[in-house]
Amino acid sequence: MANQINILADKCIGCSLCVSACPFGAITMTDRPDHPKKFKLAVIDVNKCTFCGACVQACKVFKAIEMKKDEVKPAVDLSQYRGVWVYAEQRHGVVSTVVYELLNQGRILADKLQVPLSAVLIGSNITSKAQDLIDRGADKVYVYDDPIFAEFQDDSYTAILTELLKKEKPEIILMGATNIGRSFASRVAAKIYTGLTADCTGLDVDLTTRNLQQTRPAFGGNIMATILTPRHRPQMATVRHKVFKEAKPQSGRKGEVIVNKVDASKIINRTKFLQFFKDDSAHVNLHDADIIVSGGRGLGKPEGFKLIEELADLLGGAVGSSRAAVDSGWIPYSHQVGQTGTTVSPKVYIACGISGQIQHMIGMGSAETIIAINKDKDCPMMQVATYSLEGDLYEIIPAIISEIKKARA
Ligand code: FAD
Ligand code: SF4
Ligand code: SF4
């Protein structure tokens, strides 16, 4: 049987809620001159319909949409796959901080599923880093330590991780949505024939099915979609930096370190590493800043960023911005915070003249303290802020600067 979807004409009252709910533009309304109340009727174009079910949900009061979906059978024996894994990305022996964030969330998922949390460490001269991963929550660390892995190369790293995943069969593997993680995860997923959800901003598990609920922005950030990989294992996800808090180290925590032998003769790299260049051109240091002062369209003019910079300098912080300010050409893109900019998690985020649209909030919502300065007390940023300062930023920011200077004098 193929998937089926039908509008029940006797139940449809023509409210058109389903039209706005359908992300694929598959529903239109038609006239029904013969209807006693002249109600319109929803019509579904099955060629555009993906059977996502959003319209069924939108019409749950009237129950006018009936959908039958084929039963989806697993492609593999799901019960063979157990355990949560984190890929411990490192470069030149320095473990990326996103790994500690993944260990934190990985621990939560592993505890819910009642399975061990493991990390995979691939590199050269890196075995000593395994204890650090155990201190941060891993129960087991698989290590591949060989000069062939001194620099990240897609072929060699993919070959070794693929082999390990096929042998050990974890049910979940998480990677950072870094340049390396994005390239690496997609190759591994293709090799082991499983699904991959990129750029997740939330992760949870359904304890009945053991499916990983992978949440990420979709349709240009207008909705948050929760994606499942119900038929394949392992379930693979890359996660943005700073979405989760780092796992705190517990010194002396016990775990198992499994150092695997590498047969370098079997690993073929189709690319050759020549030289490493560090790109400092767009360095704004938003990622690591404890304090960020951000400006938005409310600044009204590019010169407004001088005030933002002055406050950031006084506080020893970095300058951020909304996309509206970047699009207006007031500040370079490297300062943009949000869905299509940088994700940050500072101790203090000061949002000046930023309304707080979802695409901005995604990038800074996990800040410990949010201070909003805005004329509109009802805007979303003022609602979520720890401290809301209502008024003109051109009066409030100079007053704050003057008080800080006075206090320091
Ligand atoms: P506005 O929404 O116009 O808000 C300006 C605020 O300033 C208002 O709240 C106003 O009350 C206040 N204000 C005005 N004058 C003053 C004053 N003198 N004193 C104090 N307050 C004042 N946005 C991002 O920021 N980051 C992203 O990564 C991002 N990605 C996006 C991706 C997609 C696919 C899409 C569709 C949009 C994206 N956006 C992003 C845009 C986002 O939807 C908003 O348009 C944007 O965040 C609005 O910026 P803003 O808050 O500066 O401007
Ligand atoms: Fe409204 Fe349901 Fe009819 Fe759509 S199908 S127009 S949601 S009653
Ligand atoms: Fe649109 Fe999804 Fe309903 Fe199909 S099932 S008509 S794609 S909302």
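Read the numbers this way: they start at 1 and go in the same order the structure lists the ligands and their atoms. Counting begins at 1 with the first residue of the sequence. Computed from a prediction, not measured in an experiment: that's the story for all the values here.
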Which of the atoms in ligand 2, numbered in the order shown and given with their element, are less than 4.0 Å from a heavy-atom of Ile65? 5 (S)
Is atom 3 (Fe) of ligand 2 less than 2.8 Å from an N/O/S atom of Cys18, whether that atom is in the backbone or a side chain? no
N/O separation below 3.5 Å, Tyr394 to ligand 1: no
Got Tyr87 and Val188 here, is their nearest side-chain heavy-atom distance under 4.5 Å? no
Distance check below 2.8 Å: does Cys55 bring an N, O or S atom to atom 1 (Fe) of ligand 3? no
Could you tell me whether Gly353 and ligand 1 have an N or O pair separated by under 3.5 Å? yes
Please determine whether a side-chain nitrogen of the Lys or Arg among Glu310 and Lys405 lies less than 4.0 Å from a carboxylate oxygen of the Asp or Glu. yes
Heavy-atom proximity to atom 10 (C) of ligand 1, picking from Asp376, Asn374, Leu393, points to Asn374
Test of understanding: given a 4.0 Å heavy-atom threshold, classify the contact between Ser16 and ligand 2 as side chain, backbone, both, or neither. backbone
Using the ring of each side chain (for Trp, its six-membered ring), is His360 parallel, tilted or perpendicular to Tyr349, with breaks at 30° and 60°? tilted
Min N/O separation Ser321 to ligand 1 under 3.5 Å: no
Checking side-chain polar atoms at under 3.5 Å, does Asp77 have a donor or acceptor matched by the opposite partner on Ser79? yes
Note: ligand 2 atoms sitting under 4.0 Å from heavy atoms of Cys59 are 2 (Fe), 5 (S), 7 (S), 8 (S)
